[in-house]
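One structure below.
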Amino acid sequence: MLLTSTLRSCLLLLGTIGGLQLAAAQTPTTPVPSTAAVPAPKRQLQALRIREAIKLDGVLDEAVWQQAPIATDFIQQRPNPGVPEKNKTEVRVLYDDAALYVGAIMHDSSPDSILREITQRDQFGNTDIFSVFLDTYHDQLNGYNFTVTTSGVQLDGRYSPAGGEDFNWNAVWDARTSQRGTDWIAEMRIPYSAIRFSNAPEQLWGLNFARQRKRDNAQFFWNEVKPAVNGFVNQWGDLRGVRDIKPPLRLSLTPYISAYVNHNPLNAADTRRTTTSFNGGADIKWGINESFTLDATLVPDFGQVQSDNQVLNLSPFEVQFNENRQFFTEGTELFNKGNLFYSRRVGATPVGFYNVGLGAKEKVVRNPAETRLLNATKVSGRTSKGLGVGLFNAVSSEMYATVRHEETGADRRVLTQPLSNYSIFVLDQSLKNNSYVSLINTNVTRAGSTYDANVTGGLFRFANKKNAYAVDGSLIYSRRRGTAFGTEKSIDDRDGYKYTLGVGKISGNFTWSVNHRIESATYNPNDLGILFGNNNITQTVDLAYRKYKPFWKVNNMAFFWEIGHSLLYQPTRYQNFYVYHGFNTTFTKSFLQVGYDFDTNPTSYDFYEPRVVPLGRYVVRVPGNTGIVLFLNSDTRKKLSYGINAGNRTYALDGRLPRPRRFNYSFGFYPRYRVNDHLTFRYSLDWSLAQNQIGYVNGGLSDDEPLDQPFKGQIVLGRRDVATVANVVSVAYTFNNRMSFTLRTRHYTSNVRYADFSTLAPNGDEQLADYRRNRDNTYNAFNVDAVYAWWFAPGSQVSVVWKNAGYTSLLAEEATPQFFNNFNNTINTPHNNSLSVKVLYYLDYLTFKRQK
């Protein structure tokens with residue numbers, strides 16, 4: 001909760017990136033106070049059709065640029081909403097049968113006021129930017145973002161109710177920039193193949209421009225975007241005058257070839273430790289019509305994606321990892337409706353990876369930890385009537401572990417993952433007033449005698465005409481049929497449901513919402529989604545007050561409150577109640593951001609920690625506690641900037657057993673040093689200590705351990721100290737706006753030291769136990785990801801990646817709480833090393849057609 005609220009606060013202060021500028025043909029408007037929860041009147045800009053070719057060079061020296069209407073008079077959105085810009089911006093829009101052209105001149109006070117840090121593609125830096133926003137179906141919900149920095153670095157993204165601002169989306173387009181004295185100039189060419197629009201004779205598109213003047217940390221929009229108004233796309237102006245253009249045939253092929261050299265010294269002695277592989281495949285993009293696009297990846301290769309941040313997991317729930325595979329991050333806003341799609345399920349660890357059946361004197365010599373993906377396909381788009389349709393399908397191959405008999409040396413294969421098909425179908429109808437209704441279905445079908453899964457959900461959001469109040473909700477049904485993998489036992493959570501209902505005030509300085517949610521005891525979307533705990537009844541009340549205009553010595557201020565209460569659904573039993581309060585503000589001159597998150601919780605009851613199903617009989621009692629996190633972020637415009645947070649949680653004394661009080665401490669430190677516009681160093685330190693934590697003994701009890709035998713059939717809890725340290729050092733060097741090198745090194749260590757043990761009885765009673773097996777544990781993880789990337793042509797790239805990974809788990813007497821001992825142990829442990837080269841080349845049908 002604290003982390004979510006902190007992120008929410010930070011996003012509020014960072015604001016939304018994007019932009020549009022007002023033309024000379026714009027309609028005059030009456031000033032409206034920027035803090036009012038009323039959208040600004042929509043400005044209009046006329047695009048000019050051209051016949052002659054435009055040279056994309058960032059100069060705007062063609063005569064036709066001077067003939068186009070001008071968008072100007074931008075309005076500040078942050079830090080002082082509603083203030084007209086002093087340094088003028090002038091934007092013109094041209095078009096022909098193939099593309100939209102945008103030319104922008106950003107006037108400034110002096111050449112050194114224009115900041116120019118060079119970053120990788122899709123990354124913001126200490127630089128000025130110019131952005132173009134297009135809502136090509138004018139539904140005021142979904143849109144495109146095309147951004148260029150002063151150094152010519154390109155960024156692009158999509159906007160949708162499900163995904164918000166998504167910079168994982170990439171398109172093939174081009175831009176050039178230049179600097180002339182106190183001005184900098186941006187020239188963009190956005191081909192129609194990069195966007196989708198209707199076949200209407202005359203187009204009406206939503207349009208906005210934005211300019212970021214980094215020296216002042218100021219953001220300006222052509223059509224004013226008021227922070228007190230709910231929504232972003234609905235606050236854009238209109239682009240008119242685009243006539244007689246046809247959606248082009250969008251057909252492209254991006255083949256790839258890759259080569260790997262992998263060395264794993266931990267392989268069995270009689271197996272190859274150094275292996276090589278060569279791969280080839282392709283991505284295909286086909287515009288089925290003006291609205292819908294098919295994306296397919298054939299024989300994909302995801303070996304170069306960034307390594308996961310592995311952690312020691314002591315909780316009863318799985319760890320959720322970030323998705324780093326581009327195919328599953330790009331253009332998935334429709335599939336993320338309802339949060340029913342966790343893309344890491346596709347190509348995940350085989351379902352039988354941890355339960356390979358072994359006979360007498362057998363051992364596992366090979367057991368792939370990732371399922372090989374054969375292909376994946378997406379069809380998505382939105383009609384001129386606002387109906388979004390999405391279809392996703394992926395097929396993963398069978399996976400086997402190799403088992404060897406220790407005496408005869410004979411090998412046999414054991415199935416760990418059957419041939420599986422994953423599919424999603426989505427219908428999403430955009431409605432007036434920033435509203436929508438959606439239907440989503442996810443399905444997993446597996447070959448052989450195991451189980452299949454299906455989830456179907458309906459979602460809605462209705463806002464009033466003024467976009468001031470809204471009601472939203474969902475109803476989702478999960479269905480599973482068959483037997484658990486590798487057994488004859490029937491699936492026991494065959495049918496389940498979830499529903500949510502919320503109502504609230506969504507615009508203005510003061511907002512609120514009331515929410516209710518139920519997840520039944522058998523609700524399970526985890527075959528293609530992720531849910532950390534079902535069997536819940538939850539109610540929350542959220543309040544927020546935000547002051548957007550500067551006052552006193554601060555730019556803005558935000559207060560948050562939340563009250564929450566939850567019950568176990570079946571049987572109906574109290575779980576927890578909490579009260580949360582958060583605050584943040586940014587100082588005007590220093591741009592120093594400070595804030596805190598505070599919460600208090602009476603005694604709560606954890607029905608998941610005992611790891612016993614069905615829930616309800618066994619419970620771990622958690623004493624009342626209060627926590628606070630303080631955070632501070634310095635001005636990112638400085639060469640040296642940093643972020644700091646520190647937290648403490650204090651628990652009431654649990655008098656049932658002679659145990660000391662529990663405490664949790666946390667600290668984070670995140671400095672960044674920018675040497676120049678090309679080279680940047682970053683470091684992050686996360687430290688936490690949980691003292692006298694009570695939890696399920698990690699790893700459970702074993703039939704092979706004599707000291708566990710007296711406690712078989714019982715639930716053993718341990719009082720423990722858990723100390724965790726994560727260090728990440730990264731270096732980024734950008735040669736130019738097409739070529740970069742990054743190095744990321746991460747070391748993680750977590751130490752668990754047990755002090756005493758107890759047995760758990762029904763209804764939460766604990767009894768100290770004379771349990772003598774040493775259950776201390778130290779987990780270390782070390783990763784290096786070094787990446788050289790060169791975009792040698794639009795959509796085409798060469799990448800060279802070196803990955804180094806090592807993991808150790810030290811048990812009982814081997815476990816050590818000493819950080820430097822763990823670091824040395826991790827460094828000296830044999831690591832897996834991989835060096836790979838990958839080349840992909842973008843082939844566009846329209847380019848071949850023009851050349852022909």
Side-chain angles (χ1 to χ4, degrees), residues 256 258-268 271-281 283 297-311 313 318-329 332 341-356 364-377 392-403 413-422 444 446-448 450 485-486 526-530 746 781-785 787 799 801-807 809 831-836 838:
Y256 82 86
S258 62
Y260 289 80
V261 177
N262 186 76
H263 177 70
N264 187 359
L266 301 179
N267 280 347
T271 60
R272 295 176 59 189
R273 297 188 175 185
T274 300
T275 59
T276 59
S277 64
F278 297 91
N279 307 294
D283 290 344
T297 181
L298 307 176
V299 196
D301 174 14
F302 300 122
Q304 290 192 334
V305 299
Q306 181 177 298
S307 304
D308 289 328
N309 290 336
Q310 298 290 341
V311 298
N313 183 18
E318 67 177 304
V319 177
Q320 183 176 7
F321 292 109
N322 293 330
E323 178 60 87
N324 297 318
R325 300 171 296 179
Q326 182 176 336
F327 184 83
F328 293 98
T329 60
T332 57
F341 179 37
Y342 177 42
S343 57
R344 291 296 297 264
R345 299 291 186 214
V346 183
T349 301
V351 293
F353 176 81
Y354 298 102
N355 298 297
V356 178
V364 177
V365 295
R366 185 176 181 273
N367 189 11
E370 294 181 358
T371 301
R372 184 179 178 223
L373 190 62
L374 298 177
N375 62 69
T377 304
F392 170 89
N393 192 81
V395 178
S396 64
S397 66
E398 295 179 334
M399 300 300 295
Y400 292 89
T402 302
V403 174
R413 297 200 307 169
V414 178
L415 182 70
T416 58
Q417 173 75 31
L419 181 72
S420 302
N421 186 85
Y422 306 85
V444 179
R446 299 178 176 91
T450 184
F485 180 76
N526 282 327
D527 291 277
L528 199 48
I530 188 167
R746 175 180 182 263
F782 183 81
N783 290 94
V784 177
D785 291 86
V787 181
S799 54
V801 176
W802 171 53
K803 301 177 74 172
N804 175 285
Y807 310 97
S809 185
H831 291 187
N832 181 76
N833 280 274
S834 172
L835 180 65
S836 60
K838 185 176 183 179

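Quick note: residue numbers are just sequence positions, from 1.
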Discussion item. Please check if the number of heavy atoms outside Glu398 that lie under 6.0 Å from its CD is greater than 12.
Written reply: yes
Item to complete: May I have the step-by-step check of side-chain contact (heavy atoms from CB on, under 4.5 Å) for Phe321 and Gln310, ending in yes or no?
Response: CA-CA 9 Å; Phe321 292 109; Gln310 298 290 341; 3.7 Å; yes
To check you understand the geometry: which heavy-atom pair defines the closest contact between [X] and [Y], and what is its length?
X      : Y      : result
Val351 : Pro418 : CG2-CD, 4.2 Å
Ala781 : Tyr807 : CB-CD2, 3.6 Å
Met399 : Leu415 : O-CD1, 3.5 Å

Less than 4.5 Å apart, any side-chain heavy atom of [X] and any of [Y]?
X      : Y      : answer
Asp301 : Arg325 : no
Glu318 : Ile530 : yes
Trp802 : Val261 : no
Asn279 : Tyr256 : yes
Phe392 : Leu528 : no
Tyr260 : Thr275 : no
Asp308 : Arg344 : yes
Asp283 : Pro300 : no

If I take atom [atom1] from residue [X] and atom [atom2] from residue [Y], how far apart are they, to the nearest 0.5 angstrom?
X      : Y      : atom1 : atom2 : value
Ser836 : Gln304 : OG    : CD    : 3.5 Å
Leu373 : Tyr422 : CG    : OH    : 8.5 Å
Arg413 : Arg366 : CZ    : CZ    : 9.5 Å
Leu835 : Thr276 : CG    : OG1   : 12.0 Å
Ser834 : His263 : OG    : NE2   : 12.0 Å

Backbone N/O of [Y] and side chain of [X]: donor-acceptor pair under 3.5 Å:
X      : Y      : value
Thr402 : Val365 : no
Ser420 : Arg446 : no
Lys803 : Asn832 : no
Asn324 : Gln306 : yes
Asn367 : Phe353 : yes

Item to complete: May I have the step-by-step check of side-chain contact (heavy atoms from CB on, under 4.5 Å) for Asn526 and Arg345, ending in yes or no?
Response: CA-CA 8 Å; Asn526 282 327; Arg345 299 291 186 214; 3.8 Å; yes
Discussion item. For a side-chain contact (heavy atoms from CB on, under 4.5 Å) check, start with the C-alpha distance between Tyr400 and Val356, then their side-chain angles and the critical distance, and finish with the verdict.
Written reply: CA-CA 9 Å; Tyr400 292 89; Val356 178; over 6 Å; no
Practice prompt. Apply side-chain contact (heavy atoms from CB on, under 4.5 Å) to the pair Asn804 and Phe782, showing each step before the final yes or no.
Written response: CA-CA 8 Å; Asn804 175 285; Phe782 183 81; 3.8 Å; yes
